[in-house]
Amino acid sequence: MKARENFGSKFGAILAAAGSAVGLGNVWRFPIETGQNGGGAYIIIYILCIILLGYPVMMSEFIIGRKSRSSTAGAFKVLAPGTQWKWVGRLGVLTAFIILSYYAVVAGWTMEYIFLTLTDQFSGKSVADYGPMFNDFVESPWKSAMWTVVVFIVTMYVISRGVKDGIEKYAKILMPMLFILTLVLVGCAVNLPGASEGLEFLFNPDFSKINASVVMNALGQAFYSLSLGMGALITYASYFGTETRLRKTAVNVCAIDTFVALLAGCIVFPAMFNAGYSIKPDDIGPSLIFVTLPNVFQQSFSGMPILGYIFSVMFYLLLLVAAVTSMISLHEVVTAYLCEEWGMPRKKASVLVTTFAALLGVVCALSFGVLSDVRILDKTFFDLFDSVSSNYLLPVGGLLTTIFIGWYVDKKVIVDEVTNENKLRHASVRIIRVLIRYVAPIAITLIFLSQLGVI
Ligand code: TRP
């Protein structure tokens, strides 16, 4: 058997997993969801979901991945041969495919914005111009479809470089850069006039907005942002070395991911309030950061346009990178499925996945323009894929994963993996097991049932 590639170091493993987690979900999706669902109160629910539900699901995926040394599709077969658990792996593959296709559309938008900033097309524009600029772009018949395809080609290139020299290497350089740039932008955004109203909206909880579907939404967003519920982290954990500490890695990834999301909120909301109430998440949906952020760059650096130019180009560039590192983790799940289950050569599999996901991605891209009248359940393709995957498929995947590890797999597997075969402390194993066995599955089920109106 060919030796499986591993990440080169423990730190590399953390950064690679963080690279999967930190992506458009943090910078693009989180502010929209927070804006539409009540600001500060949503954030509190979101953080509770991360700690009580996200963390145990992440631990479950880590345990499954490292124990089975197999990607999602095969992992359930290795740990539960001859059973129907394999369907959980297959559900993950389907989910990955759906997310991959529409995620690439937004990643493509960042490419257009790299182009727009490089060619300095924001200078001299005012707040009111950014919305129409964005709309013209997404409604133009082929532009965003073209970028979607370009993004897929970039992703395929990185994927072809493998685990250590591709995924890990890029994560090590680019994640710290993304982080520093985010901090710079926070500094700019909180100094805009009107910023304090934005921060107040973000951090002042108003619990009257909270209902079952908001909690469900926060749960879906938590899973989405942490890359949980479809086995991306099972696949990554299968590349973890035996020295990697699962608990520490999970705590780090959860913390980094949440921190970046909150920082993104500290950029977008001050910018939004600065731009006046004409720009609201409810009205503009997916375009939020593409409309608010150009304003931050223009306004903060009006005295020194060259800085505005440099930061805006860098920002969209790094956003693209963050998106691509996440796309890799989605792509890898589907590609590995075709290789392992269908015996396809890796290259052929990755070309096939890219082709079909790109085709679906083009449909999603066009659903902002020429296909905007095609509705399923009153949603465009893009909105349908986004809400079905995060509100249903990921929570169901996460639920089944915790049941699998908590109830089906032998307790010894959990203890061994969490403590690296008894080399690490046992103290928190019991708490983690309670979270995996009881808290996560029960809470996810209850949130589901109450959203469906059953309870
Ligand atoms: N977590 C990524 C983000 O925040 C998106 C992502 C990558 C993802 N892999 C995933 C979401 C797996 C769900 C499942 O942008």
Side-chain angles (χ1 to χ4, degrees), residues 15-34 46 49-50 53-54 57-58 60-62 65 71-73 88-89 91-110 151 155 158-159 167 171 174-175 178 182 218-237 250 253-254 256-265 286 289 318-337 353 357 385-401:
L15 281 186
S20 164
V22 175
L24 296 171
N26 305 61
V27 186
W28 163 70
R29 206 170 186 284
F30 177 76
I32 300 172
E33 299 298 335
T34 306
Y46 175 78
C49 285
I50 296 267
L53 310 176
V57 174
M58 187 177 287
S60 307
E61 292 204 13
F62 281 177
S71 75
T72 323
V88 181
L91 179 74
V93 174
L94 175 74
T95 313
F97 186 74
I98 292 175
I99 297 180
L100 182 62
S101 63
Y102 84 85
Y103 198 86
V105 175
V106 184
W109 295 348
T110 69
V151 163
T155 307
V158 184
I159 278 239
I167 304 177
L174 297 164
M175 293 305 294
L178 180 73
T182 313
L219 173 69
Q221 172 62 21
F223 281 12
Y224 190 97
S225 192
L226 294 173
S227 299
L228 297 175
M230 39 76 49
L233 296 184
I234 294 182
T235 309
Y236 274 28
V253 175
C254 290
I256 293 172
D257 188 74
T258 308
F259 195 51
V260 173
L262 290 176
L263 289 179
I289 64 165
L318 289 178
L319 193 56
L320 174 68
V321 169
V324 169
T325 52
S326 300
M327 274 180 71
I328 290 169
S329 68
L330 293 159
H331 197 295
E332 180 71 24
V333 168
V334 191
T335 305
Y337 169 71
V353 173
F385 286 5
D386 185 38
S387 72
V388 166
S389 56
S390 80
N391 288 347
Y392 298 95
L393 296 174
L394 296 178
V396 168
L399 173 65
L400 294 172
T401 305

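In listed order, ligands and their atoms are each counted from 1. Below, all heavy atoms of this structure are taken into account, side chains as well, without hydrogens, waters or symmetry copies. Numbers for residues simply follow the sequence, beginning at 1.
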inquiry  = The criterion is side-chain hydrogen bond (donor to acceptor under 3.5 Å, both in side chains); which residues satisfy it with Tyr224, sequence neighbours excluded?
reply    = Tyr102
remark   = Expected contact list for ligand 1 at under 4.0 angstrom, heavy-atom basis, is Ser20, Ala21, Gly23, Leu24, Gly25, Asn26, Ile99, Tyr103, Tyr224, Ser225, Ser227, Leu228, Met230, Ala232, Ser326, Ser329, Leu330, Leu394
key: Those residues that, when tested against Ala323, pass side-chain contact (heavy atoms from CB on, under 4.5 Å) (two or more places apart)   = Leu24, Tyr103, Ala107
query = Quick one: side-chain contact (heavy atoms from CB on, under 4.5 Å) partners of Ala17, sequence neighbours excluded?
reply = Leu233, Val253
query = Going through the checks in order, is the side-chain hydrogen bond (donor to acceptor under 3.5 Å, both in side chains) test met by Thr72 and Thr235?
reply = CA-CA 6 Å; Thr72 323; Thr235 309; 3.1 Å; yes
message = So, applying side-chain hydrogen bond (donor to acceptor under 3.5 Å, both in side chains) with Asp257, which one of Ser225, Ser20, Ser227 is it?
response = Ser225
request  = List the steps, then state whether side-chain contact (heavy atoms from CB on, under 4.5 Å) holds for Leu228 with Leu394.
outcome  = CA-CA 7 Å; Leu228 297 175; Leu394 296 178; over 6 Å; no
